[in-house]
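Letters A, B, ... are given to chains in the order of the sequence lines, protein chains preceding strands, and every chain is numbered from 1. Because the structure is a prediction, the values reported are computed rather than measured.
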Number of protein chains: 2
Amino acid sequence: MKYEDFEGCGLKKALDMISGKWTPPILYFLFNNQDIRFNDLWREIPRISKKVLAERLKHLENVDLISKRKVDSFPVEVYYSLSEKGKSLGDILSVLDKFGSK
Amino acid sequence: MKYEDFEGCGLKKALDMISGKWTPPILYFLFNNQDIRFNDLWREIPRISKKVLAERLKHLENVDLISKRKVDSFPVEVYYSLSEKGKSLGDILSVLDKFGSK
DNA sequence: CGGCATCCGCGAGGATACTG
DNA sequence: CAGTATCCTCGCGGATGCCG
């Protein structure tokens, strides 16, 4: 077995999906609170900046872990939820959660 | 559910264990190659510096994911392996690996 | 309200040399 | 051989302000 296998392996891809200081907290929160608005999410997660929150949400959307729902009122309303893929990742993370709590 | 739950939850602890640019590669490698010497490990993982390798190995030893075996010859020989805890984490990571490869 | 655009600080990680 | 000791780089994330 060679090291190069790690590059491009599924584990690396999965870790890239959840990488970033705030990405796991965001996923963790969405796992327990579906369909939440941007500013509510921003208030619920203390000390994160809007910039970083927007960045990470875009990233999570790109890798298809969350989905975005937009209501064209004024002001606009944007809701975020875990996708099906995101939920199945959440199940794996909850196994990790159990592992870490002992 | 409140955000503060994330701080101190098992998931955060588990992610801290595997945090760091090189920690997952090291675990991944040890998962497939038991009982390997420091310099061999260093050669097998391209471009990592000895400093960082030593740092991460110490960290992994502190959180009890790997174990160290030292032979007092000259020059000294040091072998690293996954601990039992490390192997069970490895099993979880292989689930993540499957997740990431689709 | 839900973001971008800028600027900036800090600390993980890299390069290199040295040691028991 | 198996690490330390120093110094340095670079990019993630923080702070603030603006816009449709």
Under 3.5 Å, is there a donor-acceptor pair between the side chain of [X] and the main chain of [Y]?
X       : Y       : value
B:Asp35 : B:Ser81 : no
A:Ser83 : A:Gly86 : yes
A:Ser73 : A:Val76 : no
A:Asn33 : A:Phe29 : yes
B:Lys85 : B:Val63 : yes

Quick one: on DNA chain C, does B:Arg56 or A:Ala54 contact a more 5' nucleotide (nearest heavy atom)? A:Ala54
Going only through I, L, V, M, F, W and Y residues with side-chain contacts under 4.5 Å, is there a path from B:Phe31 to B:Phe99? yes
What about A:Met17 and A:Trp22, same hydrophobic cluster or not, with Ile/Leu/Val/Met/Phe/Trp/Tyr joined at side-chain heavy-atom distances under 4.5 Å? yes
Is the number of heavy atoms from other residues, nucleotides or ligands under 6.0 Å of A:Trp42 CH2 greater than 12? no
In residues 60-80 of chain B, which ones come under 4.0 Å of DNA chain C, going by heavy atoms?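 The answer is none.
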Check the pair B:Asp91, B:Lys87 against salt bridge (charged side-chain N to carboxylate O under 4.0 Å, His left out), reporting the backbone distance first and the verdict last. CA-CA 6 Å; B:Asp91 292 335; B:Lys87 288 174 191 168; over 6 Å; no
Does a side-chain N or O of [X] approach OP1 or OP2 of [N] to a distance below 4.0 Å, or not?
X       : N      : result
B:Arg47 : C:dG14 : no
A:Arg37 : C:dC1  : no
A:Lys58 : C:dC4  : yes

Given D:dG14, C:dG14, C:dG2, identify the nucleotide with an atom nearest to the side chain of A:Asn39. C:dG2
Counting side-chain heavy atoms from CB outward, which of C:dG14, D:dG13, C:dG3 is closest to B:Trp22?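 For B:Trp22, the side-chain atoms sit closest to C:dG14.
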Go through it in stages, so that I can follow the logic: the residues are A:Arg43 and A:Asp40, the test is salt bridge (charged side-chain N to carboxylate O under 4.0 Å, His left out), and I'd like the CA-CA distance, side-chain angles, deciding distance and then a yes or no. CA-CA 5 Å; A:Arg43 267 186 295 269; A:Asp40 292 333; 3.0 Å; yes
Just to be sure I understand the rule, does A:Trp42 reach a base, reach only the sugar-phosphate, or reach nothing, if contact means heavy atoms closer than 4.0 Å?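 Touches nothing.
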Within the 4.0 Å heavy-atom criterion, would you say A:Lys21 contacts the bases, only the backbone, or no part of the nucleic acid? sugar-phosphate
Restricting both atoms to N or O, compile the protein contacts to nucleotides 6-11 of chain C shorter than 3.5 Å, with distance only.
none

When the C1' atoms of the five terminal pairs at each end define the local axes, what inter-axis angle does the helix from C:dC1-D:dG20 to C:dG20-D:dC1 show, to 10 degrees? 50°
From B:Phe6 CZ over to A:Leu27 CG, what is the distance, rounded to the nearest 0.5 angstrom?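 Output value for this atom pair is 9.0 Å.
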